[in-house]
There are 2 protein chains.
Amino acid sequence: MAEVSIDDVAKAAGVHRSTVSRAFSKPDAVRAATREHVLRVAAELGYSMNPLAQALRRGSSNLVPLIVPDLTNPFFAELARTTAAAAEARGYQLMLCITDGDTGQTADYVSAMHSMYSPFGIVAPSTRVNLEALRRYAFQNRVVVIDRVEDDPAVPTVTVDSARGVDLALEHLLGLGHSNIAYAPGIVGTYTAQDRWDAYHHAAERHAVPPVVLDAAPGADPGPGLVDHWMREPIRPTAVIASNDLIAFAMISELGSRGLSVPADLSVIGFDGLDLGAQFNPRLTSVRQPITDLGRIAIELGEGLIAGGPPDHVVLEPSLLIRSSTQELRS
Amino acid sequence: MAEVSIDDVAKAAGVHRSTVSRAFSKPDAVRAATREHVLRVAAELGYSMNPLAQALRRGSSNLVPLIVPDLTNPFFAELARTTAAAAEARGYQLMLCITDGDTGQTADYVSAMHSMYSPFGIVAPSTRVNLEALRRYAFQNRVVVIDRVEDDPAVPTVTVDSARGVDLALEHLLGLGHSNIAYAPGIVGTYTAQDRWDAYHHAAERHAVPPVVLDAAPGADPGPGLVDHWMREPIRPTAVIASNDLIAFAMISELGSRGLSVPADLSVIGFDGLDLGAQFNPRLTSVRQPITDLGRIAIELGEGLIAGGPPDHVVLEPSLLIRSSTQELRS
DNA sequence: TTGAAAGCGTTACCAA
DNA sequence: TTGGTAACGCTTTCAA
C-alpha cells in the first residue's frame, strides 16, 4: 500500500508538515523555491492530499451531492451529466444520490451532507419531498433546488418557465391548424407535472381551447390508459401535449400497437426535449428544457450560497424543438 | 450549527468517548444498560457518527465508487440504479462517477478510491480504458469490472455471455423464417461491441448465414448511415441484429423517416433489453441482459475481494425479450 | 465493562 | 516565510 502522507513528503523535502500543506493549499504563502522543491518531491513520491483528512480539518469538502429521484428517466440522466461536468469544471466532485422517489431517503441524503462537509447540495425533487425535512436542513445546510419553485424564498432555485413551455407547445399546434388539443399528464403528485397541468389550463383558456385532460390510470405503463381515454372522447382531439417526453413515448408506442400512427392520426408533442427523442419513431417534437443551463446554474447558485449572497431564483426559458411527431391538421 | 460530536454525547451521557464509540460500533462490547442509555441520549441530541472521521481513523469507508462512461445511455442508468440499490442494501454508499468515455478520468477515479478509503470499486468500462492504469490500481486497491472480461484473472468480473445472446437473437430470427440477417454494430472500439461483433460472426457461420455487417459512419447519429448501407445491399437483409438497443432505436427511427416500417419492412432485434424498449414504437424485441443481477453480483464480488477470497468470474445468461419489432418473414 | 491516551492526515493559529 | 502545537471526530490499543 505504501500510503504516502504529508509527513513523508515533509521528511523527504526537509521541511515541516505545515510547509508542505501550504505549498499545496496556499501557494503564495511559501517562497517560490521552497514550493517548487516540495511539489517536486511530492510528485516523486506520488503524493496527493487526502481529501477526507482535509475535509475533517477544514470543516468543508468539495463533495456536492446531487439528489435525483430516478436516473432511469433520461431527463435526470442528462441533468446529472451536465451538472457533473459543471461541478467538475469548478473543482467539485458530484455525488449522485438516487432516492427512487423516496421522501425519507431524500431527507437522509440532505442530512448526510452534514457529515460529508458538503459546501452545498442540489436537489432535483420529482415526487413531492418532505418539505419539512428539506427546509429544516435547507436553512442550515445549503440546498439549491432544481426544477421546482420553493415556497420558501430562502432556498435558491433554478426552474424552467412551464407556462411559457406549454404556451409554446399550444401555439405550435394552433399554428398547425389544431384546435382540439388534449393534455396527457404524467404521474400525478409530481411537482413539475402539477405545474404543467396548471399551465395547460391557463393556456387553453387564453387561447379559447376547450381543455381535455387525459386520465392515466396510475399504473406502471401509462400508454394504454391514456390512449383509451383519447379514443373514448366524443370528439377526438387531433393533437396532444404530453407532460414529458416519456409520456409521449408511451402514448406513441401504444398508438402504434393499435395500428394508429403519429402524426397522421394524432399529433404529439413532448416536454423535456431529450436527446433520445431524436431517435424515436417518429422523431419527437418537444418543448426543450435547457438542461445544460439547469446544471451549470445550479452549481453557480450553490457557490453564491457559500459566498453568502442572497438566494437567487433563476427562471429559464424553454424553446421549441420541432421534429416529426406533429403535423398540419388535414381537414 | 450546533454540530454534535461524540464528546458531546459522552458528556451528556456521563460516560467516556470510547464508550459512546463502542455503543455504536461494537454493541456487544458494552453493557446493555449503558448502551441503551448512550443510544437514547445520542438520539435526543440528534447525534450520528461522522463517516469521514470514521473512515480516516479506521482506514476504510463505506464509499463504493461506480465508474460508468455515460449515464445518458439508459443501460448504464439502469445499471446504476440496481447497483445503488444493491449497495445500499449492504450498507455501502455508491458514488457514481461519470467518465464520458475518458480513459484518464477513469484512472483518476480509480486512484481516488485510495484517498476515499473505499473498500473496493466497480468499473463499467465502455470504451477501452487504459488497462495499465486500471490494473496498476486493481492490484492494490480492489476493483471489480462489469461487462468486460479482463485479461488479468486477478480482477474479478461479472459479464453476460455475448455469444449466447447473439445466438438467441439469431435463432429467434431464423425461427421466424429469416435467413438474410445483418448485424448493426455500435461505436467501434467499445469492448462489448467488439465482443458481440465476434459473436455474430461465429453464430452466422455456425448457422450458415452469410454475414452482413452494416457500416456506421462514426458520426453522432448512427441511424442514417446504417440504413443507407442496408438499402445499398444487393440482396437486402430482412432482419437485423443491433449491437445494442440504442442502435436499434436509431435505425428504426431513421427507417420511419424514410417511410419504411418495422417489422413490416425489416425485423429489428436489439441488445440490452432496456425497459425503455417497451415504450418504443414498435415495442422493441431484444436480448435482455440481467442488469439487476449484474449490479448485485458486482457488489458481492467486491465483498468477496475484501474478504480475501480468490477473484471470481461470473458469467450471466442473457434471455430473449420478444416484443413487436420482429415478425415472421412473409414470402 | 469502562477509561485514558495516542493517532488517522490534514490545517490554523501563534511564534520565531 | 517557516516551524511548532493543537485540533477536527473518531477508533483502538492498553490498563484499570
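So that the names make sense, note that chain A is the first sequence line, chain B the second, and so on, each numbered from 1. It should be emphasised that the depicted structure is a prediction, and the values quoted were computed from it without experimental measurement.
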**Message:** Measuring from atom OG1 of A:Thr83 to atom CG of A:Leu96, what distance do you get when rounded to the nearest 0.5 angstrom?
**Reply:** 8.5 Å
**Message:** Can you measure A:Asp7 atom CG to C:dT11 atom P for me and round it to whole angstrom units?
**Reply:** 12 Å
**Message:** With a 4.5 Å cut-off on side-chain heavy atoms, are A:Ile6 and A:Tyr47 touching?
**Reply:** yes
**Item:** Nearest-angstrom distance from the residue atom CG of A:Asn50 to C1' of C:dT11
**Value:** 13 Å
**Closest approach of A:Ser118 to A:Pro65 (non-hydrogen atoms, all atoms of both residues)** = OG-CD, 3.5 Å
**Item:** Residue met sooner reading DNA chain C from 5', once B:Ala53 and B:Ala29 are mapped to nucleotides
**Value:** B:Ala29
**Asked** What's the CZ-P distance between A:Arg17 and C:dG9, to the nearest Å?
**Response** 11 Å
**Item:** Student check: side-chain heavy atoms of A:Leu316 and A:Val314 closer than 4.5 Å
**Value:** yes
**Prompt:** What does B:Tyr47 touch in the nucleic acid at a heavy-atom separation under 4.0 angstrom: a base, only the sugar-phosphate, or nothing?
**Reply:** sugar-phosphate
**Message:** Heavy-atom nearest nucleotide on DNA chain D for B:Arg22 versus B:Pro51: which residue maps closer to 5'?
**Reply:** B:Pro51
**Item:** Minimum side-chain heavy-atom gap A:Leu56-A:Tyr117 below 4.5 Å
**Value:** yes
**Request:** Please confirm whether any donor atom in the side chain of A:Arg57 sits under 3.5 Å from an acceptor in the base of C:dT11, or the reverse.
**Result:** yes
**Asked** For the pair made of CE in B:Met49 and P in D:dC10, what is the distance, rounded to whole Å?
**Response** 6 Å
**Residue met sooner reading DNA chain D from 5', once B:Lys26 and B:Leu52 are mapped to nucleotides** = B:Leu52
**Closest listed nucleotide, where the reference is the side chain of A:His16 and the choices are C:dG9, C:dT10, D:dG3** = D:dG3
**Request:** Would you indicate what A:Tyr117 reaches in the nucleic acid, counting non-hydrogen atoms under 4.0 angstrom: base, sugar-phosphate, or nothing?
**Result:** sugar-phosphate
**Prompt:** If you measure from OG on B:Ser5 to NZ on B:Lys11, what distance do you get to the nearest 0.5 Å?
**Reply:** 8.0 Å
**Request:** Starting at atom CZ of B:Arg31, determine the distance to atom C1' of C:dT1, rounded to an integer number of angstrom.
**Result:** 7 Å
**Fill in**
Of D:dT1, C:dA4, C:dA12, the nucleotide closest to the side chain of A:Arg58 is C:dA12
**Prompt:** Under 4.0 angstrom, heavy atoms only, what part of the nucleic acid is B:Ser18 near: base, sugar-phosphate, or nothing?
**Reply:** base
**Asked** How close or far is atom C1' of D:dG9 from atom NE2 of A:His114, stated in whole angstroms?
**Response** 15 Å
**C:dT11 phosphate, OP1 or OP2, under 4.0 Å from A:Gln54 side-chain N/O** = yes
**Complete:** Separation of D:dC8 atom C1' from B:Asp8 atom CG, nearest Å, is 13 Å
**Request:** Could you check whether B:Val20 gets within reach of a base, just the sugar-phosphate, or nothing at all, counting any heavy atom under 4.0 Å?
**Result:** nothing
**Item:** Separation of C:dG9 P from B:Met116 CE (nearest whole Å)
**Value:** 16 Å
**Prompt:** How would you label the contact of A:Ser5 with the nucleic acid (heavy atoms, under 4.0 Å): base, sugar-phosphate, or nothing?
**Reply:** sugar-phosphate
**Request:** State whether B:Thr19 places a side-chain N or O below 4.0 Å from either non-bridging phosphate oxygen (OP1 or OP2) of C:dG3.
**Result:** yes
**Asked** Quick one: is C:dT10 close enough that its OP1 or OP2 comes under 4.0 Å of any side-chain N or O from A:Ser21?
**Response** no
